Amino acid sequence: MVFPFRLPEVVYLGQGALEHLSGEVKKFKADKVLLITDKGVQAAGMDKLVRTCIEEGGAQVDIFAEIDAEPSTDTVDSVAKFVRENGYNLLVGLGGGSPMDVAKASAVLAVNGGSIKDYVGIELFPEKGVPTILIPTTAGTGSEVTQNAIFAFKEEQVKKGIVSSYLLPRVAIVDPALTLSCPPRVTAATGVDALVHAVESYTALKATLQTDIYALEAIRLISESIRTAVSNGQDLAAREKMSVGSFFAGVSLANAGVGAVHALAYPLGGKFHVSHGVSNALLFAPVMEFNCVGNLGKFACVAEAMGQPVAGKSPREAALLAVRAVKELVADVGIPNSLREVGVAEEDIEFLTVSAEKQTRLLTNNPRLMTRKDIESIYRKTL
Ligand SMILES: NC(=O)c1ccc[n+]([C@@H]2O[C@H](COP(=O)([O-])OP(=O)(O)OC[C@H]3O[C@@H](n4cnc5c(N)ncnc54)[C@H](O)[C@@H]3O)[C@@H](O)[C@H]2O)c1
Ligand SMILES: [Fe+2]
């Protein structure tokens with residue numbers, strides 16, 4: 001089966017990428033720009049830097065910095081209304097996945113109308129949105145290159161994804177210098193999220209030869225640099241490998257999708273407000289251990305890309321080395337390894353299982369069929 005392969009129209013990737021922002025703003029001939037970001041990014045002073053670049057591109061800029069972490073559908077609905085009412089003709093999303101997801105979704109919602117809740121599913125927007133430029137300040141979600149946006153649905157206490165090719169930004173600017181101020185906790189959680197994107201998309205049923213190239217390189221780059229980036233945030237070389245790795249992982253995720261790690265992680269974000277990266281990190285090794293037999297050859301390649309000694313090993317032994325490598329990496333960057341540590345109790349397992357089972361878009365892309373019983377047993381094992 002042949003799948004479409006999509007990317008933003010223009011990508012600037014690497015040190016100095018931000019220098020291209022003003023030129024890109026000029027090309028849009030936009031006169032009224034909304035810069036969407038959050039308080040943490042603002043405290044690091046990056047909104048001013050970006051604002052200056054946009055103004056050099058000849059546009060007037062307003063800043064909206066009220067984006068909450070792991071944003072809800074209400075946030076998107078209100079930002080879209082604000083965009084519509086004020087006639088912005090270019091949106092710039094600056095931050096981690098939270099501000100970038102809000103920027104791309106509110107850009108499309110502002111044109112199509114209604115609530116973002118009306119568009120849960122695949123390709124449901126009839127019209128293109130206001131153009132967007134996305135600028136990540138974490139090396140993690142890859143949202144700058146994906147056609148997904150993820151929001152918390154407060155009433156149901158779950159997170160759901162909106163998927164549309166119209167969510168792709170027109171321009172992605174990935175400059176590792178913008179991640180230097182990321183604290184170790186954020187670097188660790190977002191970095192492991194990126195690694196999950198690479199491993200899940202590489203072993204996904206929708207993986208292709210084309211996505212495999214991006215995924216494997218992402219696994220190499222992130223595995224060799226995440227410990228340094230967490231331990232010494234000022235190491236620009238490590239930050240650059242993380243930024244490029246998370247972007248490559250995003251390219252692979254955008255085109256091959258992810259699987260059961262994300263499916264089982266979403267309910268943790270929705271109900272227990274555990275950050276997306278930490279939720280994924282908790283379920284990463286347990287789900288991988290379950291998945292290995294679904295594609296021993298590919299998991300063996302994951303182990304090799306993570307620097308494990310696979311020579312002379314059987315595919316099964318090599319594949320299990322990947323699970324070991326992930327356990328060590330998650331522990332080394334200081335992320336909790338049990339659900340209890342993030343507030344989950346025995347009696348919550350039923351809710352988690354029922355919620356995860358509903359993530360059919362992700363579960364049907366997983367390399368091994370996962371039943372309700374399997375989901376429950378993985379949660380129990382991780383408790
Ligand atoms: N669209 C996609 O394809 C996709 C993929 C994965 C995750 N997501 C979503 O993205 C969201 C999570 O994004 P995230 O993990 O990047 O975290 P985030 O955007 O919520 O940011 C986490 C924290 O880090 C701070 N921060 C960000 N950059 C900083 C910097 N350079 N210096 C100092 N502080 C900084 C923020 O202020 C915030 O407090 C979730 O809602 C998740 O579901 C989307
Ligand atoms: Fe993710």
Side-chain angles (χ1 to χ4, degrees), residues 18 36-47 49-50 65-73 75-76 93-105 132 134-153 158-164 167-169 172 174-201 229 233-234 239 242-243 246-247 249-259 261-270 273-281 283-284 362:
L18 190 63
I36 298 172
T37 187
D38 68 25
K39 296 281 183 223
V41 174
Q42 211 171 27
M46 276 175 289
D47 59 326
L49 187 67
V50 168
E66 304 306 317
I67 307 301
D68 35 344
E70 320 280 322
S72 72
T73 53
T75 306
V76 187
L94 172 73
S98 300
M100 287 195 290
D101 277 5
V102 172
K104 65 209 250 195
T132 53
L134 296 185
I135 309 174
T137 63
T138 61
T141 66
S143 174
E144 70 279 7
V145 67
T146 69
Q147 36 204 328
N148 316 335
I150 321 288
F151 301 109
F153 284 63
V158 290
K159 292 183 77 175
K160 293 188 197 174
I162 321 288
V163 183
S164 164
L167 290 175
L168 269 178
V174 185
D175 191 329
L178 299 177
T179 67
L180 286 171
S181 54
C182 254
R185 202 174 40 81
V186 174
T187 305
T190 54
V192 172
D193 182 31
L195 184 61
V196 174
H197 295 160
V199 173
E200 284 217 282
S201 58
Q234 291 306 308
R239 290 291 196 182
M242 288 300 295
S243 287
S246 78
F247 177 81
V251 173
S252 180
L253 143 75
N255 293 285
V258 283
V261 178
H262 274 75
L264 271 66
Y266 280 144
L268 289 175
H273 308 293
V274 181
S275 78
H276 178 75
V278 171
S279 310
N280 271 327
L283 274 318
F284 196 2
L362 303 173

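Keep in mind the model is a prediction, meaning the values are calculated, not measured. Position 1 is the first residue of the sequence, and the numbers go up from there. In listed order, ligands and their atoms are each counted from 1. When reading the values below, keep in mind they use all heavy atoms of this one structure, side chains included, and skip hydrogens, waters and symmetry mates.
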Backbone N/O of Ala265 and side chain of Lys159: donor-acceptor pair under 3.5 Å: no

Close approach, His197 and ligand 1, non-hydrogen under 4.0 angstrom: yes

Asn255 side chain to Val251 backbone, donor-acceptor under 3.5 Å: yes

Within-2.8 Å protein N/O/S contacts of the Fe ion (ligand 2): Asp193 OD1, His197 NE2, His262 NE2, His276 NE2

Verdict with reasoning, Leu253 to Glu200, per side-chain contact (heavy atoms from CB on, under 4.5 Å): CA-CA 8 Å; Leu253 143 75; Glu200 284 217 282; over 6 Å; no

Nearest option to atom 19 (O) of ligand 1, as decided by whichever heavy atom of Ala65, Ser98, Ser143 sits closest: Ser98

Short side-chain to backbone donor-acceptor contact, Asn148 and Gly161, under 3.5 Å: no

Structural part of Lys39 in contact with ligand 1, heavy atom criterion under 4.0 angstrom: neither

4.0 Å heavy-atom contact, His262 with ligand 1: no

Where ligand 1 meets His276 - atom numbers and elements under 4.0 angstrom, heavy-atom basis: 6 (C), 7 (C), 40 (C), 42 (C), 43 (O)

Protein contact to atom 35 (C) of ligand 1 [nearest heavy atom, distance to 0.1 Å]: Cys182 SG, 4.3 Å

Heavy atom of the protein closest to atom 5 (C) of ligand 1 (residue, atom name, distance): Thr141 O, 3.5 Å

CA sep, side-chain torsions, deciding dist, call: Thr137, Leu94, side-chain contact (heavy atoms from CB on, under 4.5 Å): CA-CA 7 Å; Thr137 63; Leu94 172 73; 3.6 Å; yes

Nearest non-hydrogen partners of Ile162 and Leu167, listed with the distance: O-CD1, 3.4 Å

Nitrogen or oxygen of Tyr266 less than 3.5 angstrom from that of ligand 1: no

Donor-acceptor pair, side chain of Gln147 and main chain of Ala254, under 3.5 angstrom: yes

Nearest neighbour of atom 17 (O) of ligand 1 from the list Gly97, Gly270, Ala249, on a heavy-atom basis: Gly97

Side chains of Lys160 and Thr73, donor plus acceptor under 3.5 Å: no

Considering all heavy atoms, the nearest Ala103-Ile36 contact: CA-CD1, 3.8 Å

Best match, Pro183, Ala44, Gly191: closest heavy atom to atom 34 (N) of ligand 1: Pro183

Backbone or side-chain N or O of Asn148 under 3.5 Å from ligand 1 N or O: yes

Closer than 4.0 Å: a protein non-hydrogen atom to atom 21 (O) of ligand 1: no

Atom of Ala139, atom of Thr179 and distance for their closest heavy-atom approach: N-CG2, 4.1 Å

Distance-only polar pair, side chains of Ser201 and Ser252, donor-acceptor under 3.5 Å: yes

Thr190, any N or O under 3.5 Å of ligand 1 N or O: no

Protein heavy atom under 4.0 Å of atom 40 (C) of ligand 1: yes

Matching residue for Met46 among Leu18, Leu178, Ile135 - test: side-chain contact (heavy atoms from CB on, under 4.5 Å): Leu178

Side-chain (Thr37) to main-chain (Ala65) donor-acceptor, under 3.5 angstrom: no

Part of Thr137 with heavy atoms under 4.0 Å of ligand 1, whether side chain, backbone, both or neither: both

Nearest-neighbour protein heavy atom for atom 23 (C) of ligand 1, which is reported as residue plus atom name and distance: Val186 CG2, 4.1 Å

Residues that Thr187 engages under side-chain contact (heavy atoms from CB on, under 4.5 Å), provided they are two or more places apart: Cys182, Ala229, Val230, Arg239

Proximal ligand 1 atoms for Lys159, defined as those under 4.0 Å from one of its heavy atoms: 40 (C), 41 (O), 42 (C), 43 (O)

Element-labelled atoms of ligand 1 that are located less than 4.0 Å from some non-hydrogen atom of Gly96: 16 (O), 19 (O)

Close-contact set for ligand 1 against Met46 heavy atoms, below 4.0 Å: 30 (C), 31 (N)

Residue portion contacting ligand 1 (non-hydrogen atoms closer than 4.0 Å) for Asp193: side chain

Whether Pro99 lies under 4.0 Å from ligand 1, heavy atom: yes

Considering all heavy atoms, the nearest Ala194-Gly140 contact: CB-O, 3.3 Å

Backbone or side-chain N or O of Asp101 under 3.5 Å from ligand 1 N or O: yes

Heavy-atom closest pair, residues Val192 and Ala281: CG1-CB, 3.6 Å

Thr75-Asp68 side chain donor-acceptor pair, cut-off 3.5 Å: yes

Gly140 heavy atom under 4.0 Å from ligand 1: no

Step-by-step side-chain contact (heavy atoms from CB on, under 4.5 Å) determination, Val258 to Val196: CA-CA 8 Å; Val258 283; Val196 174; 5.7 Å; no

Check: Gly269 main-chain N/O paired with Glu70 side-chain donor or acceptor under 3.5 Å: no

Minimum-distance pair of heavy atoms, taken over all atoms of Val145 and Gly250: CG1-C, 3.4 Å

Numbering as shown, the atoms of ligand 1 that approach Thr146 to under 4.0 Å (heavy-atom distance): 1 (N), 2 (C), 3 (O)

Numbered atoms and elements of ligand 1 in range of Val41, under 4.0 angstrom, heavy atoms: 27 (C), 28 (N), 37 (O)

Per-atom contacts of ligand 1 with Ser181, taking only distances under 4.0 Å to non-hydrogen atoms: 30 (C), 31 (N), 32 (N), 33 (C)

Residue and atom name of the nearest protein heavy atom (relative to atom 38 (C) of ligand 1), distance in Å to one decimal: Asp38 OD2, 3.9 Å

Per-atom contacts, ligand 1 versus Leu178 - under 4.0 Å to a heavy atom: 31 (N)

